[in-house]
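Some notes on the structure that comes next.
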Amino acid sequence: MFKKTMMIAAFIGSLAFSSAFASTLEDVKAKGHVQCGVSQGLFGFSNPDDAGVWSGLDVDLCRAVAAAVFGDAKAVKFTPLSAKERFTALASGEIDILSRNTTWTATRDTSLGLNFSVVNYYDGQGMMVPKSLGITTGLELDGANVCTNSGTTTELNITDYFRSNGMSMNLVAFEKADEVIAAYGSGRCDVYTTDRSAVAAQRLKLDNPDDHMTLPEVISKEPLGPVVRQGDDQWLNIVKWSHFAMLNAEEMGITQGNVGSKRATVTIPAVKRLLGTEGTFGEYLGVSNDWAYEIISQVGNYGESYERNVGPNTPLKLSRGVNNLWTNGGLQYGPPVR
């Protein structure tokens, strides 16, 4: 099994090298759009409406990259992927960026020929149970049937949790997220486990969401963020700095609504550098100098994206918590443009 795993990793790595040998930016410009790998439908992060229009925090990151490259946040197409498909799709060149609630781990960052760029959502794994079970803590789940996704860190984490606490379980795993929540909703499992943000999103798909609750335990660290192929630092930088631009804009009080007036009137050097009226920072990335202005004017700052997609006034009702700016006690921190 180990030998087979290493062969697969080597194959994916070779695909990544050959695909990234040609500049991703050149390829993207040649076809006229960014091809973005997303989930198969996770509300708040990447989810299509009835008309097929995608929205969510991960979708906004892809739109930001498109705005930086083309000056047009709509110059992006979306490829829905299961957890099992996502890394192969990126390594093979089927997609240009994977923005699909994917956890940054040492193995994924080093053995698959891929690079994690930033963390656009800090999360942790949670567990949901029917209120009718009368369970108040994960430590009461000995012998439970547990539903989760196959081929994910979620599957590994829940196994570690039960083993560490001397409990047994029956793991019921499916490739597709909708299969997992359907099995849980039908009563096949006592527990549904995934990232806490995804628990909140998938809970909305149940017939009676209020009949279910999330247990208090957070059993892992789940830094989620966009992934690109190794061997193309320019594309990695574009993805990173698209996120950083949205963070810096929020910290500076620059919004989708006021970015035009700020660009025209503000004399603060840091703001001028971010919005492209001073310096040539876009040229260093291989895009136009107004790259960040285009991102903010078309997508908004990080706080706007968060509140629009997953915040307290959305069905997910997720507080900022550790995803707040560093100035507000969170972990989101944009390096300076200078």
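Of the candidates Ser99, Ser55, Ser39, Ser46 forms a side chain to side chain donor-acceptor pair (under 3.5 Å) with just one, namely Ser39.
Atom NZ of Lys221 has 12 or fewer neighbouring heavy atoms from other residues, nucleotides or ligands inside a 6.0 Å radius. Surrounding CG of Asp49 are more than 12 heavy atoms belonging to other residues, nucleotides or ligands, all under 6.0 Å away. Lys77 NZ: 12 or fewer foreign heavy atoms inside a 6.0 Å radius.
Scored by the side chain to side chain contact (heavy atoms under 4.5 Å, CB included) test, Lys131 finds Met213 as partners (sequence neighbours excluded). Partners of Ala183 under the side chain to side chain contact (heavy atoms under 4.5 Å, CB included) rule, at least two apart in sequence or in another chain, are Cys147, Phe174, Arg188. Tyr333 is linked by a side chain to side chain contact (heavy atoms under 4.5 Å, CB included) to Trp326, counting only residues two or more places apart in sequence or in another chain. Take Asp211 and apply the side-chain hydrogen bond (donor to acceptor under 3.5 Å, both in side chains) test, not counting sequence neighbours, and it matches no residue. By the side chain to side chain contact (heavy atoms under 4.5 Å, CB included) test, Thr105 is found to be paired with Thr103, Thr107, Arg108, Thr153, residues two or more places apart in sequence or in another chain being considered. Here Asp178 pairs with Lys205 under the salt bridge (Lys or Arg N to Asp or Glu O under 4.0 Å) rule; sequence neighbours left out.
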Show the numbers, then the answer: is there a side-chain contact (heavy atoms from CB on, under 4.5 Å) between Val310 and Phe43?
CA-CA 8 Å; Val310 302; Phe43 187 87; over 6 Å; no
Checking side-chain contact (heavy atoms from CB on, under 4.5 Å) for the pair Leu98/Leu81: CA distance, chi angles, key distance, verdict?
CA-CA 9 Å; Leu98 176 66; Leu81 299 165; 4.1 Å; yes
Go through the steps for Trp104 and Asp109 under the test side-chain hydrogen bond (donor to acceptor under 3.5 Å, both in side chains), then give the verdict.
CA-CA 7 Å; Trp104 190 338; Asp109 204 28; 3.1 Å; yes
Apply side-chain hydrogen bond (donor to acceptor under 3.5 Å, both in side chains) to residues Gln40 and Ser82 and explain how you reach the verdict.
CA-CA 6 Å; Gln40 293 171 315; Ser82 70; 4.8 Å; no
Could you go through Asn120 and Asp58, starting from their C-alpha distance and side-chain angles, then the distance that decides it, and tell me whether this counts as side-chain hydrogen bond (donor to acceptor under 3.5 Å, both in side chains)?
CA-CA 8 Å; Asn120 71 329; Asp58 291 337; 3.1 Å; yes
side-chain contact (heavy atoms from CB on, under 4.5 Å) assessment of Asn145 paired with Met169:
CA-CA 6 Å; Asn145 295 318; Met169 68 166 181; over 6 Å; no
Could you go step by step and tell me if Ile97 and Val227 meet the side-chain contact (heavy atoms from CB on, under 4.5 Å) rule?
CA-CA 6 Å; Ile97 175 175; Val227 194; over 6 Å; no
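Grouping the Ile, Leu, Val, Met, Phe, Trp and Tyr side chains by contacts below 4.5 angstrom, directly or via other members, places Leu206 apart from Leu42. In this structure, Val76 is a member of the same hydrophobic cluster as Met246, with clusters built from ILVMFWY side-chain heavy atoms closer than 4.5 Å. Hydrophobic clustering places Leu25 together with Val118 (ILVMFWY residues linked when any side-chain heavy atoms are closer than 4.5 Å, directly or through intermediates).
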Could you give the side-chain donor-acceptor pairs of residues 235-242 under 3.5 Å, partners two or more places apart or in another chain?
| residue | atom | partner | partner atom | Å |
| --- | --- | --- | --- | --- |
| Trp235 | NE1 | Asp96 | O | 3.0 |
| Asn237 | ND2 | Asp233 | O | 3.2 |
| Ser242 | OG | Ile238 | O | 2.7 |

In a table with atom names and distances, give each donor-acceptor pair under 3.5 Å that connects a side chain of residues 278-288 to protein atoms at least two apart or in another chain.
| residue | atom | partner | partner atom | Å |
| --- | --- | --- | --- | --- |
| Thr280 | OG1 | Tyr284 | OH | 3.4 |
| Ser288 | OG | Asp290 | OD1 | 2.4 |

Hey, can you pull the donor-acceptor pairs under 3.5 Å for the side chains in residues 132-141, sequence neighbours left out?
| residue | atom | partner | partner atom | Å |
| --- | --- | --- | --- | --- |
| Thr137 | OG1 | Leu139 | N | 3.3 |
| Thr137 | OG1 | Glu217 | OE2 | 2.3 |
| Glu140 | OE1 | Thr136 | N | 2.9 |

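A donor and an acceptor atom, one from each side chain of Glu222 and Asn157, are located under 3.5 Å apart. Side-chain atoms of Thr194 and Gln202 form no donor-acceptor pair, as typed in the model, at a separation below 3.5 Å. If you check the side chains of Thr79 and Glu94, you find no donor sitting under 3.5 Å from an acceptor.
Using a 4.5 Å cut-off on side-chain heavy atoms (C-beta onward), Leu171 and Glu155 make contact. Leu215 has its side chain out of reach of Met128: every pair of non-hydrogen atoms, C-beta onward, lies at least 4.5 Å apart. You'll find the side chain of Leu318 reaches within 4.5 Å of the side chain of Tyr121, heavy atoms only. A 4.5 Å side-chain heavy-atom check between Arg63 and Val59 finds at least one atom pair inside the cut-off. You'll find the side chain of Phe244 stays beyond 4.5 Å of the side chain of Pro336, heavy atoms only.
When atom types are taken as modelled, the side chain of Asp195 and the backbone of Ser197 share no donor-acceptor pair closer than 3.5 angstrom. Side chain of Gln125 to main chain of Thr154: a donor-acceptor pair is present (N/O by atom type, distance under 3.5 Å, no hydrogens or angles). When atom types are taken as modelled, the side chain of Gln298 and the backbone of Ile295 share no donor-acceptor pair closer than 3.5 angstrom. Looking only at distances, a side-chain donor or acceptor of Asn248 sits under 3.5 Å from a matching main-chain atom of Pro335. Looking at Glu251, its side chain never comes within 3.5 Å of a backbone N or O of Leu247 through a donor-acceptor pair. Although no hydrogens or angles enter the test, the distance criterion places no donor-acceptor pair under 3.5 Å between the side chain of Ser150 and the main chain of Ala173.
Of the inter-residue distances, the one linking Leu114 atom CG with Arg229 atom CZ reads 9.0 Å to the nearest 0.5 angstrom. Rounding to the nearest 0.5 Å places SG of Cys189 at 8.0 Å from CG of Asn170. Here the straight-line distance linking atom OG of Ser168 with atom CZ of Phe162 works out to 8.0 Å at 0.5 Å rounding. We find the CG-CD distance between Leu90 and Glu85 to be 13.5 Å, quoted to the nearest 0.5 Å. We find the OH-CG distance between Tyr306 and Leu57 to be 8.0 Å, quoted to the nearest 0.5 Å. Atoms CG and CZ, on Asp60 and Arg308 in that order, are 4.5 Å from each other to the nearest 0.5 Å.
Within the structure, salt bridge (charged side-chain N to carboxylate O under 4.0 Å, His left out) contacts touching residues 321-338 (residues at least two apart or in different chains) do not occur. Residue pairs meeting the side chain to side chain donor-acceptor pair (under 3.5 Å) criterion with at least one partner in residues 258-267, sequence neighbours excluded, are Thr255-Asn258. Within the structure, every pair that satisfies the side chain to side chain donor-acceptor pair (under 3.5 Å) test and touches residues 312-322, not counting sequence neighbours, is listed here: Glu250-Arg320.
The ring of His212 has its center closer than 6.0 angstrom to the ring center of Tyr184.
The minimum heavy-atom distance between Val299 and Ala73, with the atom names listed, is CG2-CB, 4.0 Å.
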